[in-house]
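Before any comments, here is the structure.
Chain letters run A, B, ... following the sequence lines, proteins first, then strands; residues in each count from 1.
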Number of protein chains: 2
Amino acid sequence: MERVKRTPRGTRKRDVPLTEAGICTSALRLIDADGVEALTMRKLAAALDANPMSLYHHVPNKEALLRGVAGMVGARFRTVTLEDAPWQERMRLLATDFRTLAHRHPNLMAYSFSQPDFIQPEDPFWVALTAVLDAAGVPQSDIPQLAALVCAVVIGVMIAELNGALHRWSNLQPTTPASGEDGPTNEGFGEDRMFRLVLDTIISGMESRLTADHAGGRDGQPPQNSRRASRRIPRQLRPPAALCEGESRGNPVSDVEAGFDLKEQ
Amino acid sequence: MERVKRTPRGTRKRDVPLTEAGICTSALRLIDADGVEALTMRKLAAALDANPMSLYHHVPNKEALLRGVAGMVGARFRTVTLEDAPWQERMRLLATDFRTLAHRHPNLMAYSFSQPDFIQPEDPFWVALTAVLDAAGVPQSDIPQLAALVCAVVIGVMIAELNGALHRWSNLQPTTPASGEDGPTNEGFGEDRMFRLVLDTIISGMESRLTADHAGGRDGQPPQNSRRASRRIPRQLRPPAALCEGESRGNPVSDVEAGFDLKEQ
DNA sequence: ACCTGAACACCGTTCAAGT
DNA sequence: ACCTGAACACCGTTCAAGT
């Protein structure tokens with residue numbers, strides 16, 4: 001009995017012994033086609049023309065397999081490091097490159113994004129992001145938290161983009177329909193533009209925080225008009241509902257004057 | 001044979017006929033305890049002391065059941081509408097209230113957030129959000145897209161918070177370990193603070209866009225220093241990799257001067 | 001060492017049959 | 001009308017047995 005078999009369509013498979021890499025590659029192909037939830041050890045084995053149980057000699061279980069696939073494409077992330085460019089441009093480039101990778105395997109990424117261990121400290125994306133924040137002048141001690149927030153924001157927008165929520169929400173009617181017009185007018189609105197808008201917005205917000213930080217405290221004249229007025233308003237006009245862990249937030253009205261004061265002072 | 005039975009532990013169940021609401025309530029209890037992925041039609045039936053097949057007379061299938069549960073807790077969202085407060089404060093309050101709801105049922109929310117139809121046009125959260133953006137002076141035509149982005153950002157941070165990624169990322173070592181210190185020093189860093197920081201940052205970014213919009217174009221003196229300098233830099237220093245749909249973005253260097261120019265002009 | 005068939009303990013769901 | 005038992009078509013995974 002020969003090992004090389006032919007599928008009903010005649011394509012040749014399994015002329016090579018099973019490998020973890022080969023299994024992951026085939027799994028990725030199935031995920032790209034039908035999504036993570038449609039991936040099955042049995043279907044994967046069939047695609048590899050192998051016995052379902054043979055997979056377990058190379059992969060401990062399905063969860064580890066998915067981790068392997070995610071790690072495989074995560075390692076494919078590439079970006080250029082423009083040391084001389086301003087940090088704003090580097091951050092935009094980094095986020096755009098990340099998004100490009102996500103667009104390459106949307107089904108896998110929609111799954112990976114909800115895994116807490118998706119980003120590892122050695123990942124080139126994380127390394128580049130912390131480097132950019134360092135170049136921006138963020139204090140060393142605040143870099144991890146701020147990088148985490150940037151990750152969360154960027155990934156949040158991409159989740160909403162990949163599962164179609166961004167598109168659907170964008171076409172929801174505003175509260176006041178104005179007049180009987182013919183449906184949503186945002187046909188050519190473009191997720192590209194929205195992604196760039198989010199980037200520009202958080203970069204603007206970071207810029208104003210960083211410059212306020214460098215200007216030093218509350219003495220400088222207000223830069224435009226209302227940017228700092230909102231900070232004088234008490235943070236919470238009513239007591240917040242209890243959180244899960246019953247944790248009480250230290251000082252309810254900690255007025256954040258400027259800068260990234262993440263640490264307990 | 002009586003309908004009221006007792007479980008092995010003696011607690012009484014099913015003294016009331018099956019209802020869709022009752023099924024959803026029981027499902028929510030199981031989800032709160034063990035997560036969505038652990039919910040099973042058979043386990044749910046056992047919790048209701050019913051035959052697994054009886055559920056299908058009140059709920060078409062498991063997917064619809066989960067939609068029903070999500071809709072049930074989504075309808076529980078409440079917020080106060082402070083008509084007189086500045087839009088920044090209203091937006092903060094709205095996001096915080098949303099987060100409070102998410103903390104009440106984290107397992108369900110972590111699932112719901114990845115469903116594209118989680119937010120419906122009639123949802124009080126959406127209505128309130130669009131009202132806030134309207135009060136902020138966002139042009140009517142841009143409100144849906146901007147609200148969608150706010151949703152995506154806020155939900156993204158909450159996903160990362162609920163699944164622990166935010167906490168893990170925050171404790172990743174920076175690239176330069178400085179010295180052999182004893183691990184991460186961010187023990188009391190607090191997701192509350194990080195959530196507020198994201199809110200403040202996007203609000204700051206929106207403020208600078210809105211005020212720049214009102215000031216009208218590029219003639220006004222630069223407000224502080226670098227906020228607008230980054231816009232003069234060409235957007236893309238290298239050609240972007242092809243996106244999924246092969247869609248070419250119109251003008252690669254569309255310099256966004258100010259305001260929310262989401263529409264194709 | 002690598003593979004495999006049978007089997008186990010689960011799923012969601014259909015359907016014919018009960019009351 | 002509402003409920004139910006049996007059954008179907010799947011899962012992931014274990015395990016003893018093969019080569």
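Partners of B:Phe77 under the ring-ring contact (aromatic ring centres under 6.0 Å, His included) rule, at least two apart in sequence or in another chain, are B:Phe125. Residues forming a side chain to side chain donor-acceptor pair (under 3.5 Å) with B:Asn107 (at least two apart in sequence, or on another chain): none. Evaluation of the side chain to side chain contact (heavy atoms under 4.5 Å, CB included) rule for B:Ala147 yields B:Trp126, B:Leu129, B:Thr130, B:Leu133 as partners, not counting sequence neighbours. Taking A:Asp32 as the reference, A:His105 meet the side chain to side chain donor-acceptor pair (under 3.5 Å) condition, with sequence neighbours excluded. With sequence neighbours left out, B:Thr25 forms a side chain to side chain contact (heavy atoms under 4.5 Å, CB included) with B:Met72. Under the side chain to side chain contact (heavy atoms under 4.5 Å, CB included) criterion, A:Glu63 pairs with A:Asn61, A:Arg67, sequence neighbours left out. Remark: A:Val153 pairs with A:Val198, A:Ile202, B:Val153, B:Val157, B:Val198 by the side chain to side chain contact (heavy atoms under 4.5 Å, CB included) rule, at least two apart or across chains.
Between B:Met194 and A:Leu146 there is no side-chain heavy-atom pair separated by less than 4.5 Å. Between A:Thr79 and A:Pro124, the closest side-chain pair of non-hydrogen atoms is not below 4.5 Å. Using a 4.5 Å heavy-atom threshold, the side chains of A:Arg168 and B:Asp117 count as touching.
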Residues A:Glu191, A:His167; criterion side chain to side chain contact (heavy atoms under 4.5 Å, CB included); working and verdict: CA-CA 8 Å; A:Glu191 274 94 353; A:His167 185 260; 3.6 Å; yes
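Residues of residues 59-69 of chain A that place a heavy atom closer than 4.0 Å to DNA chain D, in numerical order, are A:Asn61, A:Lys62.
Between the CD atom of A:Glu37 and the C1' atom of D:dC11 there is a distance of 15 Å, given to the nearest Å. We find that CG of A:Leu18 is positioned 12 Å from C1' of C:dT4, with the value rounded to whole Å. Distance, A:Tyr56 OH to D:dG12 P: 6 Å, rounded to whole Å.
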Could you pull out the protein-nucleic contacts involving nucleotides 5-10 of chain C (nitrogen or oxygen on both sides, under 3.5 Å)?
unit_1	atom_1	unit_2	atom_2	d
C:dG5	OP2	A:Asn51	ND2	3.0

Give me, pair by pair, the N or O atoms of the protein and of nucleotides 16-19 of chain C that are less than 3.5 Å apart, along with how far apart they are.
none

Throw together a table of side-chain donor-acceptor distances under 3.5 angstrom for residues 33-43 of chain A, partners on residues two or more places apart or in other chains.
unit_1	atom_1	unit_2	atom_2	d
A:Lys43	NZ	A:Ala38	O	3.0

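Where A:Met41 and B:Leu55 meet DNA chain D, the nucleotide closest to each residue was compared, and B:Leu55 sits on the side nearer the 5' end.
Note that the CG atom of A:Leu197 and the CG atom of B:Asp142 stand 9.0 Å from one another [nearest 0.5 Å].
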Nucleotide-level pairing of DNA chain C, given in dot-bracket where Watson-Crick and G-U pairs need both distances under 3.5 Å and | marks other strands: ||.|||||...|||||.||
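Close to D:dC3, at under 4.0 Å from its OP1 or OP2, lies a side-chain N or O of B:His58.
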